[in-house]
Amino acid sequence: MADQSQHDIPNRASEPASRDAGRVAELRRSITTRATLLKPSSELDYRPAQELVDAVRARKVSASELVEHAIARIEALDPGINAVVVRDFERARTAASAADVALAKGEQRPLLGIPITIKEAFDIAGLPTTWGFPQFKDFIPKEDAAIVSRLKSAGAIILGKTNLPVGLGDFQSYNQVYGTTNNTWDYSRSPGGSSGGSAAALAAGFGALSFGSDIGGSLRVPAHFCGVYAHKPTFGLVPFRGYELPQSPVLPRNGDLAVIGPMARSASDLSLALDVIAGPDKMRDGIAYRLALPPARHKSLKDFRVLVVDFHPLMPVSNVVRAAISRLSERLAKSGAQVAHFSALLPDLSQSARLYMWLLAAVKAAGSPRTRYEEAQRLAAALLPQDDSLQAQRTRGTVATHRDWLAADLARSELQQQWSHLFRDWDVVLYPPASVPAFSQDHSLPIEARHIEIDGEARSYLDACFVWADPATTCGLPVTAAPIEISPDGLPIGVQIIGPYLEDRTTIAFAELLEREFGGFVAPPGFG
C-alpha cells in the first residue's frame, strides 16, 4: 500500500481541532441540534444487512425504498459528518429499479437490493479515485476493483464512496479534496482512519455495509472509535486488483501486510459480506474461485478458550479501555468460557512490534519520492546501534535493502509459528484496538510531532496508534473488531478478537456470540 504521507496536506488544514475553540464549539452545537434534522426514526435505519435481504426477498420492502431511504438519510445528516464524500445516487436508483425487477422474477443473490458504501480508495468505474491527493481529483477509473465487481454481482447497490486520510496514512480521515470526516458520536473527535468514513457512515445509518482496508488498524481503529464491527481477514484472502494508488497499473497482486475487509453494524453481516468478496483473483467464465475456510471452532461461548491480553510492554492502555476489556472477560468467565490473562506461549510483543514497524515502513517507503528516501537514509545513518525505539525501527525499515527484508521476513515466519503453537491451546485472543477511545481531531504537522494523551501522559501519536495493529498484521492473522461498551464520556469501546491463520469464521462467530449474549452496536445519541 502506498503512503504519500500527511506532509502533502496544505497548512490551512493543519490547525488541530482541539486548539480551534470556535470550530469545536460549532461542532458541539451541531451535535445537540442534529436530531432536529431527522425524520421520525424508521425501522430501516439500523437493520442488519441479512434482515434487509430477507425483507426484500419476502417483498416486505423494495430495493428502491431502501435506497431512497438511505439517500434521504445521507442528505439530511451527512453535512455534519462528511462521511459519504463521493455520491452515486442516480446510478444507485437505477440499480435499485433493476434489482426490483430481478426480485420480481424470483432471483436470489446474497446482497440483492441492499444499499452499501465503500472506501474512496477502491476503483469504481465512472467515479473519482484520489486517495485524498489533489493531483488525482480528476482521475476516473474505467474498471471496477475486484471486490466492487463481486459486490455488484451479488446485487449490492453502491450509494457512494467514503472519506479517508490522504495517502491512507493517518488515524483521522481528512484531506484537501474532500475535507474532514467527524465522528458520529462527537463531531470534535476522529472517526479513525484510514477507513474512518466507512465507520462513520455505518454509525450514522448510511447503508447496511461498508468496505475498507487495513495495514495499520485501518479497519479496526475506526470500528472501535465509531462503535461498529469490522473484520480484517487473513492476509491474501481478498483480492487487491483495483485498489491501487491512482494511475498505477491495475494488476492482480497483493502487497505486503495490507488486507481488504468488510464493516457492519452486526457481527453476522461480516460473514455475509466476507463470503461475497473473498477468494483469489482468478476467474473462469465469470465465476470466482472461492476458498473453503474452516468452520468456526465452537458454537457456544462456554466452549471457547479465551486468552485476554490487555497490556503492551511498550505502550500503556488507558484505564477506561482496560476496564471495559476486564469486564468483558468477567462476563465470559461467568458464561462458562475458559479465560486466562497469561500464557507462556504468547510471543514477545516488544519484538513483534519492532518488527512490524520495520516492515510497515518498508512497505510505505516503496512509493516515497527520492528526496524523502534520501532524507531517511541520512536519519538512519545517524541512529545509534542500540536505539531500538519504534521510531528508529520505522526509520531503518524505510531504507531497507531486499536482503534486509528477507531477514525480517524470516523473523516474521518465526513469529507466525509461535502464534500457531499458541492457538493449539487457545481459540481466540482478546486485544485492545487502541490505547484510548476516539481522540480529538489533530491535523498538526509534522505528524511525527503529534501526541496522544493516555491517562494524563503524552505518548507518541504514531507509536500509540500503530502498536496495536501488531501482532495480527505482522503475522497475517484474522481479526474481528467488536463494540463492547460505551465509556463514561459517552464514546464507544471495542475489542480485537484475534484468531488462527485462515480461521476467520472462528473470530466472526465469537463476535456473533458476544453480540447475542451481551449486546453489540448502539446507535449514537440523536441518530437512532
Side-chain angles (χ1 to χ4, degrees), residues 1 3 5 169-171 214-218 220-221 232 235 255-259 309-317 343-366 368 373 376-422 429 431-435 447-452 454 457-477 479 496 498 501:
M1 179 190 297
D3 174 18
S5 179
D170 201 346
F171 292 85
D214 190 313
I215 192 173
S218 292
R220 293 162 281 171
V221 172
K232 185 199 89 65
F235 179 76
D256 196 8
L257 298 175
V259 300
V309 180
D310 59 356
F311 69 93
H312 197 284
L314 302 180
M315 187 60 56
V317 185
S343 171
L345 296 173
L346 184 68
D348 185 327
L349 295 178
S350 297
Q351 174 192 357
S352 184
R354 293 186 179 101
L355 176 62
Y356 167 63
M357 296 296 179
W358 192 100
L359 288 166
L360 180 66
V363 171
K364 294 164 71 176
S368 295
Y373 180 76
Q377 285 181 309
R378 185 187 65 78
L379 294 173
L383 290 172
L384 297 175
Q386 63 269 30
D387 186 351
D388 62 356
S389 66
L390 297 181
Q391 178 57 45
Q393 292 302 98
R394 288 192 291 269
T395 301
R396 293 187 180 105
T398 300
V399 296
T401 66
H402 187 56
R403 179 183 180 184
D404 296 332
W405 186 89
L406 289 173
D409 193 44
L410 178 61
R412 169 168 46 188
S413 297
E414 293 171 351
L415 280 173
Q416 289 171 328
Q417 186 176 51
Q418 292 175 42
W419 279 102
S420 178
H421 291 163
L422 180 142
V429 173
Y431 202 58
S435 293
I447 189 171
E448 292 83 3
R450 295 181 195 167
H451 290 85
I452 290 178
I454 305 174
E457 182 180 2
R459 289 283 184 159
S460 161
Y461 180 88
L462 293 179
D463 289 357
C465 290
F466 276 123
V467 74
W468 302 105
D470 173 70
T473 302
T474 304
C475 295
L477 302 175
V479 184
Q496 290 191 70
I498 305 174
Y501 181 73

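Since the model is a prediction, treat every value here as computed from it, not as a measurement.
If you look at Tyr501 and Phe235, their ring centroids are not closer than 6.0 Å.
A distance of 13.5 Å separates CH2 in Trp468 from OG1 in Thr473, rounded to the nearest 0.5 Å. Rounding to the nearest 0.5 Å places NE2 of His451 at 10.0 Å from CZ of Arg459. Between the CZ atom in Arg412 and the OG atom in Ser352 there is a gap of 10.5 Å [rounded to 0.5 Å]. Leu390 contributes atom CG, which lies 6.5 Å from atom CE of Met315 (distance to the nearest 0.5 angstrom). Rounded to the nearest 0.5 angstrom, Leu359 CG and Gln393 CD are separated by 10.0 Å. Atom CG of Asp214 is separated from atom CZ of Arg220 by 4.0 Å, given to the nearest 0.5 angstrom.
In this structure, the side chains of Met357 and Phe466 come closer than 4.5 Å at one or more pairs of heavy atoms. Val429 places none of its side-chain heavy atoms less than 4.5 Å from the side chain of Leu477.
Between the side chain of Lys232 and the main chain of Gly476, no donor-acceptor pair closer than 3.5 Å is present.
Residue Cys475 comes nearest to Gln416 through the heavy atom pair O-NE2, 3.3 Å, listed as atom of the first residue, atom of the second, then distance. The heavy-atom pair separating Ala376 from Thr398 by the smallest distance is CB-CG2, 3.5 Å. When all heavy atoms of Tyr431 and Asp470 are compared, the closest pair comes out as CE2-O, 3.3 Å. Smallest separation of non-hydrogen atoms from Pro432 and Gln496: O-NE2, 2.9 Å. The minimum heavy-atom distance linking Trp419 with Pro471 is given by the pair CZ2-CG, 3.2 Å. Considering every non-hydrogen atom in both Leu422 and Ser343, the closest pair reads CD1-OG, 4.4 Å.
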Before you tell me yes or no, could you show the steps for Asp404 and Arg396 under side chain to side chain contact (heavy atoms under 4.5 Å, CB included), namely the whole-Å CA-CA distance, both residues' side-chain angles and the distance that decides it to 0.1 Å? CA-CA 10 Å; Asp404 296 332; Arg396 293 187 180 105; over 6 Å; no
Please lay out, stage by stage, how Leu415 and Leu355 fare under the test side chain to side chain contact (heavy atoms under 4.5 Å, CB included). CA-CA 10 Å; Leu415 280 173; Leu355 176 62; 3.7 Å; yes
Assess whether side chain to side chain contact (heavy atoms under 4.5 Å, CB included) is satisfied between His312 and Val317, documenting all intermediate values. CA-CA 8 Å; His312 197 284; Val317 185; 5.6 Å; no
Could you go through Leu360 and Lys364, starting from their C-alpha distance and side-chain angles, then the distance that decides it, and tell me whether this counts as side chain to side chain contact (heavy atoms under 4.5 Å, CB included)? CA-CA 6 Å; Leu360 180 66; Lys364 294 164 71 176; 3.7 Å; yes
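For the residue pair Asp170/Tyr461, the side-chain donor-acceptor check at 3.5 Å is satisfied. In the model, Thr395 has no side-chain atom that pairs as donor or acceptor with a side-chain atom of Arg378 under 3.5 Å.
Legend: salt bridge (charged side-chain N to carboxylate O under 4.0 Å, His left out) pairs involving residues 383-393, not counting sequence neighbours, sorted by first then second residue: Arg354-Asp388.
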